[in-house]
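Everything below concerns the one structure shown next.
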Amino acid sequence: MASPLAQFEIKKIIELDLYGYDISFTNSSLAMTFTVIAISLFLYLGIKNLNIIPSKSQTLVESTFEFISSMINDNIGKEGMKYFSFIFTLFLFILIGNLLGMLPFSFTWTSHIIVTFSIAFFIFLAVTFIAIYRHGLLKFIQFFAPSGVPKPMLILLVPIEIISYLSRPISLSVRLFANMMAGHTLLKVIGSFVFVLGANSFIIGGILPLAFLIALTGLEIVIAFLQAYVFAILTCLYINDAIHLH
Amino acid sequence: MSDKCRKKINKKIKTIKASQRENKSGYSLGIKISIDLVAAIITGSIIGLGLDKFFSTKPIFFLIFLVLGIITGFYSLYKSVKNLNQM
């Protein structure tokens, strides 16, 4: 039987090479393409026929829009609406990626640390540039020295603040990656229990793990929503920090 | 209805809404705290190893920044637990 980690294997579909760099089209890229297509279809079908009394798909699109806009209003304020399109795209991309990964025979690209880390790292870079652009370099450096702290304490506190600032992309990416990877591995392990126990005890032994598997699938879908939400809300908080340096 | 009464009701609605917004599930809070702790330590050791490679002073910076990373991790843990109490 395949190992529980075999589902995370990257397979090349079309081999491409750019000056010695491997830029092959893999199953991960395919899953991302499907994600983009799914999002485009979801939004296009939702707003194709705009009515005052919305249809079901239009309601879904509108409530997603409202959800993100209220998230930005609560966490950043009015100035944050500039970044609406970015956060909306980010949220939908991760959410649909997580959900498409739940389909059988598909691939969960959010379960790869390099993908989540590159997203988180570019958010980190963008937030740093926003902070420097809006407040200047000097104010940005002062961000690492909290006010109202005695001077001798600053020797210890400044490195701590800098390390905690630099650890943001790591904690942001590891959170998403670890949740998706652990969840999918667990599903596969329990799934192999169903097969092995059921085959060795005339199906009876497989019933309990199957019930467990169904419950875990539900939990995994909840986690897919939760992690996309957490990723988006943390991005909001970081942008808020950049806009209102304190 | 008197103005005083209305003010009282509005205040109550506000506090209830605020408590609802901050009512996070324990699962996500646990994930947040644990990963913050680990991420700070990883960042500290990466910075230390990088500086060691740059100055070729093998263990010194690694040890300093590892300790700083551990302090940072527990400091952020302390901060999030402190916020928890204020709710």
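Order of the sequence lines sets the chain letters (A, B, ...), proteins ahead of strands, with each chain counted from 1.
A 6.0 Å sphere centred on CZ of A/Phe84 holds more than 12 heavy atoms belonging to other residues, nucleotides or ligands. By the 6.0 Å contact criterion, OH on A/Tyr165 is enclosed, its count of non-hydrogen atoms from other residues, nucleotides or ligands being greater than 12. Enclosure of atom CG in A/Leu103 by more than 12 non-hydrogen atoms of other residues, nucleotides or ligands within 6.0 angstrom is indicated. For A/Phe86, the CZ atom is densely surrounded, since the number of other residues' heavy atoms within 6.0 Å is greater than 12. For A/Phe121, the CZ atom is loosely surrounded, since the number of other residues' heavy atoms within 6.0 Å does not exceed 12. In A/Phe67, the CZ atom is crowded: over 12 heavy atoms of neighbouring residues, nucleotides or ligands sit closer than 6.0 Å. Atom CZ of A/Phe42 is surrounded by more than 12 heavy atoms from other residues, nucleotides or ligands within 6.0 Å. Residue A/Met153 qualifies as open at atom CE: its count of foreign heavy atoms under 6.0 Å is 12 or below.
B/Ile35 and A/Ser171 get closest at one heavy-atom pair: CG2-O, 3.6 Å.
A/Ile163 contributes atom CD1, which lies 10.5 Å from atom CD1 of B/Ile70 (distance to the nearest 0.5 angstrom). With values rounded to the nearest 0.5 angstrom, A/Ile170 atom CD1 is found 6.0 Å from B/Ile42 atom CD1. Atom-to-atom distance recorded for A/Ile160:CD1 and B/Ile71:CD1 is 5.5 Å, nearest 0.5 angstrom. Taking CG from B/Asp36 and CG from A/Leu172, the interatomic distance works out to 10.0 Å, rounded to the nearest 0.5 Å.
Of the residues considered (A/Ile162, A/Leu156, A/Leu166), A/Leu166 shows the highest number of contacts with chain B, using heavy-atom pairs under 4.5 Å. Among B/Ser76, B/Ala40, B/Gly44, the residue with the largest count of heavy-atom pairs under 4.5 Å with chain A is B/Ala40.
Annotation: side chain of B/Thr72 is not in contact with side chain of A/Glu161 (no heavy-atom distance under 4.5 Å). A/Val174 has its side chain out of reach of B/Val38: every pair of non-hydrogen atoms, C-beta onward, lies at least 4.5 Å apart.
The contact between A/Leu157 and chain B is made entirely by side chain atoms (from C-beta outward), counting heavy-atom distances below 4.5 Å. Within the 4.5 angstrom heavy-atom criterion, atoms from both the backbone and the side chain of B/Leu68 approach chain A. Of the atoms belonging to B/Leu37, not a single heavy atom falls under 4.5 Å from chain A. Using a 4.5 Å cut-off between heavy atoms, A/Ile223 touches chain B through its side chain atoms alone.
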